[in-house]
Structures are given as C-alpha cells and as structure tokens.
Amino acid sequence: MPTPIEEDTDDPRVQTMRMVPAGRDTLFDEEAQAQKKKSHRRLAVVYLLMAVLIAAAAAFVSYGAELWGGKTVPGVIGRSQQAATSLLEARGFTVSVVEEPADEKIGKVTAQSPAGGERLEAGETIEITVAVARVVPNVTGMAAADAEAALHDAGAETIKTTYTASDQPAGTVLGTDPEAGQPFKSHDAITLVVAQAFSVPDLVGQKEADAIKALESVGMTANVTYTDSDQEDHTVLSMDPAPGTEVAAGAEVALSVAAPYPDDVHLVADYAAHQPADISKWLADQGFRCTGGAVDSAGYAAATYSDGGATVTLTSTPFVNSVDLSEGNQGDVLADGKWFEGVRYEFGANEQPSGASALSDGAVRSAMATCGLNGWTDTCTQDSVVLPAPATAEGHRFICAYGEMGDNCWTVLVEATDSGSRTVVTYAPKSVYDSANLSGTGGRICDYVAYMYLYS
C-alpha cells in the first residue's frame with residue numbers, strides 16, 4: 001500500500017509524492033546524489049581553469065619582466081662602439097666586434113647579430129659590426145699589378161700610376177700617395193709610384209737650365225758644350241747618349257747647347273741677342289774685365305770692359321766716350337742681369353783696320369766687315385762735319401760713317417792721331433737718338449756722334 005503522508009498541503013510535489021508508491025524513495029535519493037556530484041565536478045573545473053589562468057598571467061608578467069626566458073637583445077645600430085658595448089654588457093651579454101672599412105659613420109655600429117628585440121640567455125654573444133676608416137695598405141716592394149689588387153681589396157676605386165727611374169727592378173712599387181697607413185675614402189685617387197729603368201729623357205729643343213734640372217731629377221748629370229747655332233740661346237741641340245737609351249744611375253749625359261754668346265767680341269750687333277749675365281761671363285772668358293759700371297735713371301746698364309787693348313762698353317749712350325760714374329762705381333751690373341741698349345767697341349792699338357791712318361773709305365769698310373755691319377748711308381769728315389756753335393773742327397782729322405740695319409743704326413769713327421789711329425764703332429736702336437739734340441749737327445747722326453766723341 002502507498003505510504004500515507006500526514007501533511008496536508010497544496011504543493012504539487014507533495015501531492016505527487018503522495019502518489020509515489022512505497023519503495024521508490026530510494027530512487028529519488030540516488031538522483032539527488034548524482035546531481036550533487038555533477039555540481040561538484042563543475043565547480044572543480046571552474047577552479048582549475050581559474051588557477052590555470054592565474055598561472056598563465058603570472059608567467060606572462062614574469063616573462064615580460066625578464067624573470068625567466070632570457071633577456072631581450074637591445075638594438076644598438078647607429079650607436080658608437082663604446083656605447084653599444086656598454087649597453088649590451090649591462091644586459092648580461094658578451095660582445096664580439098667586427099670591423100668593416102667604410103666611407104661614412106666611422107666608429108658607429110652598422111649591423112648586429114642577433115638583431116635587436118630577440119631573447120637570449122645571459123652570457124650569449126652578440127656580434128656587432130663597426131665602421132672603420134679605410135687605410136692605405138703598405139704595398140711598397142710589390143709588383144705593380146699585385147699592389148693594384150691590394151688597393152682594390154682595400155676599397156680604392158681610382159688608382160693612378162707614375163713612374164720614376166730607380167735601381168729597383170722595373171715595375172716594383174716604390175711607394176704610394178697618400179702614404180701607407182693614411183686614411184682614405186673609396187672615391188679618393190691613390191697614386192702608385194713605380195720603378196722604371198734609368199732612361200735618357202728627350203731634352204732636345206728644351207732650354208739648358210730645364211734640361212739640366214730634368215736630368216738631375218732622374219739621377220743623371222749634364223756635361224754642357226756650347227755650339228754655334230742659329231737656334232735660340234741655351235737651346236739643347238743634341239744629346240749623347242741619345243734619348244731613350246737605358247743607362248746606369250748617375251750616368252753623365254753630354255748636352256750640345258746653342259751658344260748664348262756673340263760669335264766674336266767685335267760683332268756689335270750680336271750683343272743685343274743675348275742675356276746680360278751671359279755676356280758678362282763670356283767677356284770674362286775672353287779676357288775682358290769690368291772697369292766700371294752703373295745703372296742709369298731709366299734702369300739700363302752702363303758698363304765698360306777692357307782686355308788692356310780693346311774696350312767694350314754696353315750703354316744707352318754709345319755716342320758718349322765714357323760711362324757716368326758720378327753716382328759711384330757699381331761694378332759689373334750686367335752680371336746682375338741689368339739690360340743695356342747699345343754697344344760701343346773701341347779697337348785696340350794692334351787691331352786697327354787697314355788704311356785707318358789714311359782715313360780712307362777702305363778703313364771704314366774694313367771696320368764694318370770686322371764688326372758685321374752693313375747699310376752704309378752717310379759720311380762726314382773734319383771738312384764736312386756740321387758742329388754746333390761755337391765748336392770748330394780744328395784739331396781733329398777723321399772720317400765718320402753712318403748706316404742702318406732694320407730698327408738699329410751704327411757709326412764707324414776713324415781718327416788719325418799723332419801716334420797712329422783709333423777706331424770706335426757704335427751700335428744701338430735708332431730710338432736712343434730720339435732725345436738727342438741733333439739740330440746743331442744738321443739733323444745728322446754721324447755728325448752728332450763725331451761731335452760728342454771728339455769735341456764735346
């Protein structure tokens with residue numbers, strides 16, 4: 001029979017229970033226990049998940065705080081080597097430095113491995129690449145081709161080569177410019193100085209001084225011989241050994257050079273074609289010594305040279321029979337390079353022209369030939385000379401000839417004296433007479449020269 005239920009209630013569950021047959025209360029208890037166990041399991045899962053989440057969060061936070069899992073590698077590109085090394089070592093890493101030649105960012109880190117941001121255990125090695133200046137390698141003693149390769153390897157893009165005579169084997173590098181050890185950039189030109197055999201350079205046509213200097217620059221010496229030539233003074237005419245000949249270091253090379261001197265002391269027209277210092281030296285070689293010299297107000301030289309017989313005077317006033325030394329004798333001013341305008345040559349007693357004592361035209365022509373003159377155009381004698389008043393022609397017997405050679409003019413004065421004769425030749429640009437007062441001599445230069453030399 002069903003178990004009676006004493007409470008009277010409207011609760012449907014109670015009413016239902018009232019309807020449950022006896023013996024089914026045990027089944028009810030079992031279901032309740034099953035439900036309770038499920039609730040406990042669900043709660044355990046929730047707690048477990050919460051614990052996992054909390055642990056994961058703690059692990060994330062502690063990883064971010066680098067309490068485990070290594071350290072983050074800092075990025076150091078662009079920093080100096082010292083700053084990068086200090087930063088990495090402060091994070092517990094070991095630093096390895098690789099130097100890389102470069103043109104820019106010298107001393108800066110240009111690369112790193114591992115890269116910044118990676119995680120590594122403390123003590124791991126970080127390799128940093130640091131830019132360093134390119135340096136000219138020492139290639140002295142190498143063959144030129146090997147030296148070029150070494151320079152290219154060092155980063156040089158422009159390599160030039162110059163050659164110099166040397167006792168080293170031809171093709172051996174003697175040095176570089178810039179020198180070894182000097183910094184450079186890849187676009188800078190590096191010059192190799194390479195040995196070549198001593199070879200006589202071609203100096204024909206060059207000036208003597210330049211030729212001597214060129215020989216000395218390659219370790220050779222010059223032996224100069226002057227040769228008469230129509231070439232310009234001091235021009236190299238020929239060489240021995242010939243240009244291109246290979247010779248030993250210090251070899252002597254004979255230079256044949258166009259003579260820088262007049263061909264003869266009498267050739268008055270030739271003096272103007274040569275340098276003053278050369279003329280001074282040449283006159284000394286001919287036995288002439290300077291007896292007096294000065295520089296006029298225009299800066300031109302006036303100097304007299306004598307060998308004890310003949311006299312040569314270089315002056316702007318060849319028509320005056322002496323050099324003005326009123327301001328003092330300055331000696332051989334030509335040796336100092338002072339230029340002159342005209343020449344006066346006074347024959348020595350033992351070289352008077354033929355017919356001089358007879359004052360013949362032949363004497364004039366003989367003097368002209370000796371002195372290399374031509375173009376005779378005018379003549380005066382003591383009988384025809386025009387002199388400024390109050391001068392008279394008394395006391396002198398002479399013949400004076402005048403001629404022109406281009407822009408220059410000359411005179412030959414032959415005077416008969418009690419002891420024989422004397423002959424004076426002048427040569428100068430016509431312009432030296434521009435300031436002369438020719439009015440008293442009829443405008444004629446030959447009369448003026450005779451007056452200035454004999455009567456003034």
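These numbers were taken from a predicted model, which means no experiment stands behind them.
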**Request:** Output, in order, the C-alpha distance, side-chain angles, deciding distance and verdict of side chain to side chain contact (heavy atoms under 4.5 Å, CB included) for Y271 and L314.
**Result:** CA-CA 9 Å; Y271 283 83; L314 291 308; 4.0 Å; yes

**Verdict with reasoning, T426 to T411, per side chain to side chain donor-acceptor pair (under 3.5 Å)** = CA-CA 5 Å; T426 70; T411 63; 2.5 Å; yes

**Message:** With side chain to side chain contact (heavy atoms under 4.5 Å, CB included) as the criterion, how do I212 and V224 come out once you've worked through the C-alpha distance, each side chain's angles and the decisive distance to 0.1 Å?
**Reply:** CA-CA 9 Å; I212 292 174; V224 177; 4.1 Å; yes

**Message:** Between T129 and T110, does the side chain to side chain donor-acceptor pair (under 3.5 Å) criterion hold? Intermediate values first, please.
**Reply:** CA-CA 6 Å; T129 301; T110 58; 5.1 Å; no

**Request:** Could you walk me through whether I128 and L88 pass side chain to side chain contact (heavy atoms under 4.5 Å, CB included), step by step?
**Result:** CA-CA 10 Å; I128 60 174; L88 290 169; 3.8 Å; yes

**Request:** Let me see the working for L438 and I445 under side chain to side chain contact (heavy atoms under 4.5 Å, CB included), right down to the final yes or no.
**Result:** CA-CA 7 Å; L438 302 180; I445 291 177; 4.1 Å; yes

**Request:** Verify side chain to side chain donor-acceptor pair (under 3.5 Å) between N408 and Y427, making sure each step is shown before the conclusion.
**Result:** CA-CA 7 Å; N408 300 286; Y427 182 88; 3.2 Å; yes

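A donor-acceptor contact shorter than 3.5 Å links the side chain of T85 to the backbone of Q81. Using modelled atom types, one side-chain atom of R289 and one backbone atom of A284 make a donor-acceptor pair closer than 3.5 Å. Not one N or O on the side chain of D278 forms a donor-acceptor pair closer than 3.5 Å with the backbone of Y261. N223 places no side-chain N or O within donor-acceptor distance of the main-chain N or O of T225, the cut-off being under 3.5 Å. Under the 3.5 Å distance criterion, the side-chain polar atoms of K207 are matched with a main-chain donor or acceptor of D233. The main-chain N or O of A310 is never found under 3.5 Å from a side-chain atom of Y305 such that the two would form a donor-acceptor pair. Using a distance-only test at 3.5 Å, with no hydrogens or angles considered, a donor-acceptor pair links the side chain of W410 to the main chain of N374. No donor-acceptor pair under 3.5 Å is formed between the side chain of E124 and the backbone N or O of E121. Of the possible donor and acceptor atoms, one in the side chain of S86 sits under 3.5 Å from a partner among the backbone N and O of Q82. Looking at D296, its side chain does come within 3.5 Å of a backbone N or O of A298 through a donor-acceptor pair.
If you take CG on L334 and SG on C290, they are separated by 8.0 Å, rounding to the nearest 0.5 Å. To the nearest 0.5 angstrom, L120 atom CG is 5.0 Å from F93 atom CZ. With rounding to the nearest 0.5 Å, the separation of CG in L237 from CD in Q231 is 6.0 Å. Q182 contributes atom CD, which lies 10.0 Å from atom CD1 of I190 (distance to the nearest 0.5 angstrom). The line from CG of L215 to CE of M239 is 5.5 Å long, rounded to the nearest 0.5 Å. Once rounded to the nearest 0.5 Å, the distance linking CG of D167 with OG1 of T172 reads 11.5 Å.
A centroid separation of 6.0 Å or more is found between the aromatic rings of Y453 and F319. Taking the six-membered ring for Trp and the full ring otherwise, the centers of Y345 and H266 sit less than 6.0 Å from each other.
In this structure, V247 and M220 have side chains that are in contact, with non-hydrogen atoms separated by less than 4.5 Å. Residues W282 and V265 meet the side-chain proximity criterion, which asks for heavy atoms closer than 4.5 Å. Taking the side chain as every heavy atom from C-beta outward, F347 and T311 never approach each other to under 4.5 Å. Residues P260 and Y226 form a side-chain contact, since some pair of their non-hydrogen atoms from C-beta on lies under 4.5 Å apart. At a threshold of 4.5 Å between non-hydrogen side-chain atoms, the residues L192 and V139 count as touching. Counting heavy atoms from C-beta outward, I126 and V73 have side chains that approach closer than 4.5 Å. Using a 4.5 Å cut-off on side-chain heavy atoms (C-beta onward), Q112 and I77 make contact. Side-chain contact between M405 and L373 is present, with at least one heavy-atom pair separated by less than 4.5 Å.
The environment of Y163 atom OH is sparse: at most 12 non-hydrogen atoms of other residues, nucleotides or ligands sit within 6.0 angstrom. Within 6.0 Å of the CD atom in E89, the count of heavy atoms belonging to other residues, nucleotides or ligands exceeds 12. Around atom OH of Y300, no more than 12 heavy atoms belonging to other residues, nucleotides or ligands sit under 6.0 Å away. The number of heavy-atom neighbours closer than 6.0 Å to CG of D285, taken from other residues, nucleotides and ligands shown, is above 12.
Across every non-hydrogen atom of P178 and V136, the tightest pair is O-CG1, 3.9 Å. Between G155 and S186, the shortest heavy-atom contact is O-CB, 3.2 Å. Between L255 and A211, the closest heavy-atom pair is CD1-CB, 4.0 Å. Of all non-hydrogen atoms in G308 and S306, the two that sit nearest each other are N-OG, 3.0 Å. Residues A242 and V200 share a closest heavy-atom pair of O-CB, 3.6 Å. Here the closest heavy-atom approach between residue T423 and residue V412 is recorded as CG2-CG1, 4.3 Å.
Results of the side-chain hydrogen bond (donor to acceptor under 3.5 Å, both in side chains) test with H234 over E208, Q206, H274 single out E208 as the only residue that passes. Tested against S256 for a side-chain hydrogen bond (donor to acceptor under 3.5 Å, both in side chains), the candidates D240, T227, T235 yield a single pass: T227.
Between the side chains of T313 and T304, at least one donor-acceptor pair of N or O atoms lies under 3.5 Å.
Residue pairs that meet the salt bridge (charged side-chain N to carboxylate O under 4.0 Å, His left out) test with at least one member in residues 243-256, sequence neighbours left out, do not exist here. Listed by first and then second residue, the salt bridge (charged side-chain N to carboxylate O under 4.0 Å, His left out) pairs that reach into residues 168-195 come to none, sequence neighbours excluded.
Between E404 and K430, at least one side-chain nitrogen of the basic residue sits less than 4.0 Å from a carboxylate oxygen of the acidic one, meeting the salt-bridge criterion. For R344 and E346, the salt-bridge test passes: some basic side-chain N is under 4.0 Å from an acidic carboxylate O. With respect to D103 and R134, a salt bridge is recorded, a charged nitrogen being found less than 4.0 Å from a carboxylate O.
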